[in-house]
Student: 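Here you go, one structure.
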Amino acid sequence: MLLNQNTLLLGKKVVLVPYTSEHVPSLRPSLCPCRYHEWMKSEELQQLTASEPLSLEQEYTMQRSWREDADKKWQAQPGITEESCMAGDVNLFLTDPGDPAVGEIEVMIAEPSCRGRGFGTEAVLMMMSYGVTKLGLTKFEAKIGQGNEPSIHLFQKLHFEQVAVSSVFQEVTLRLAVSEPMRQWLLEQTSHVAEKPYRAGSAEPH
């Protein structure tokens with residue numbers, strides 16, 4: 001995640017910021033940004049994201065690896081925020097050494113009050129646009145649990161097509177090839193997005 005560690009993306013509904021250590025615990029209950037560890041205690045989110053609960057120490061270790069590792073894949077895990085309140089996360093992975101133009105994308109709107117308000121859609125569009133314009137990506141892939149209908153519907157709405165089903169992992173794979181018309185559509189959908197410097201401790205640009 002070193003490439004975007006100081007980058008903030010400002011949209012109409014959400015702000016994408018790098019995933020830092022301040023987003024892990026719930027040490028300040030009066031503020032929303034530090035809720036990631038609490039979110040992942042939810043059995044519903046664990047099932048939807050095929051995740052296992054981690055200790056606070058493990059969460060910190062994972063956060064450091066996301067921020068510092070630059071080996072076989074580039075990872076970005078910005079927090080999705082609304083009015084300085086963390087709502088979830090969106091991830092973009094480069095996992096295929098043989099094809100660096102493929103990005104695996106996923107999104108989670110963890111805060112219940114933020115679901116169904118278009119935050120996930122805008123976050124995915126912003127991340128895809130970043131991947132196309134900054135990383136040279138031309139294909140995207142999403143692997144989603146078979147029971148996660150809202151996420152499947154979101155990606156299908158963005159023109160992803162189902163290409164595989166795994167009964168072993170209980171997940172579906174959806175893909176999108178970014179043709180020139182699709183690229184233009186994507187850039188039009190995100191023409192309002194501004195890239196700003198990010199300051200840790202604030203979801204506001206400086």
Side-chain angles (χ1 to χ4, degrees), residues 1-40 49 59-70 73-94 103-137 140 142 151 154-155 158 178 183 185-206:
M1 197 178 74
L2 297 178
L3 180 64
N4 75 319
Q5 63 180 334
N6 297 312
T7 300
L8 176 151
L9 299 180
L10 181 64
K12 291 180 179 178
K13 296 183 177 183
V14 300
V15 180
L16 303 188
V17 300
Y19 181 46
T20 67
S21 57
E22 69 177 5
H23 297 129
V24 175
S26 285
L27 299 180
R28 293 176 291 172
S30 61
L31 299 176
C32 295
C34 303
R35 301 194 62 175
Y36 193 85
H37 182 63
E38 292 301 314
W39 285 339
M40 297 317 295
T49 61
E59 289 281 10
Y60 275 120
T61 299
M62 184 173 292
Q63 183 276 322
R64 286 192 296 270
S65 73
W66 281 329
R67 188 169 182 85
E68 298 169 3
D69 286 356
K73 59 187 177 185
W74 180 88
Q75 298 187 17
Q77 186 160 4
I80 303 169
T81 73
E82 183 215 25
E83 299 177 353
S84 299
C85 180
M86 189 171 174
D89 63 29
V90 58
N91 305 293
L92 185 60
F93 306 91
L94 302 187
E104 182 179 337
I105 191 166
E106 61 186 25
V107 66
M108 175 184 71
I109 302 299
E111 194 64 31
S113 64
C114 294
R115 296 173 187 167
R117 298 169 62 182
F119 295 168
T121 298
E122 184 179 49
V124 170
L125 286 170
M126 290 166 65
M127 200 62 145
M128 289 173 59
S129 178
Y130 187 89
V132 167
T133 59
K134 302 295 185 180
L135 305 175
L137 301 185
F140 291 94
S151 189
L154 185 157
F155 282 96
L158 298 180
V178 183
R183 186 179 191 275
W185 177 84
L186 179 61
L187 296 180
E188 289 173 4
Q189 297 301 306
T190 55
S191 61
H192 61 282
V193 176
E195 183 174 329
K196 306 283 186 180
Y198 172 70
R199 180 179 65 247
S202 172
E204 298 299 323
H206 71 290

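Positions are given from 1, in the same order as the sequence printed here.
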Student: Just verifying a value: how many Å separate Thr133 OG1 and Met128 CE, rounded to the nearest 0.5 Å?
Tutor: 11.5 Å

Student: Taking all non-hydrogen atoms of both residues into account, name the closest pair between Gly11 and Val193 and its distance.
Tutor: CA-CG2, 4.5 Å

Student: For a 4.5 angstrom cut-off between non-hydrogen side-chain atoms, does Val90 reach Phe119?
Tutor: no

Student: Let me confirm one number: the NZ-CD distance from Lys12 to Glu122, rounded to the nearest 0.5 Å.
Tutor: 8.0 Å

Student: When rounded to the nearest 0.5 angstrom, what is the spacing between NZ in Lys134 and CG in Leu92?
Tutor: 14.0 Å

Student: Evaluate the side-chain proximity of Val178 to Leu137: yes if any heavy-atom separation is below 4.5 Å, no if none is.
Tutor: no

Student: Nearest 0.5 Å please: distance from the CE atom of Met127 over to the OG1 atom of Thr190.
Tutor: 13.0 Å

Student: Let me confirm one number: the CE-CG distance from Met126 to Leu16, rounded to the nearest 0.5 Å.
Tutor: 4.0 Å

Student: Just verifying a value: how many Å separate Phe140 CZ and Leu186 CG, rounded to the nearest 0.5 Å?
Tutor: 7.0 Å

Student: How far apart are the closest heavy atoms of Glu106 and Phe155, and which atoms are they?
Tutor: CA-CZ, 4.4 Å

Student: Output yes when a side-chain donor or acceptor of Arg115 lies under 3.5 Å from a complementary backbone atom of Ile109, and no otherwise.
Tutor: yes

Student: What closest approach, in Å, do Leu8 and Pro197 show between heavy atoms, and which atom pair accounts for it?
Tutor: CB-O, 4.1 Å

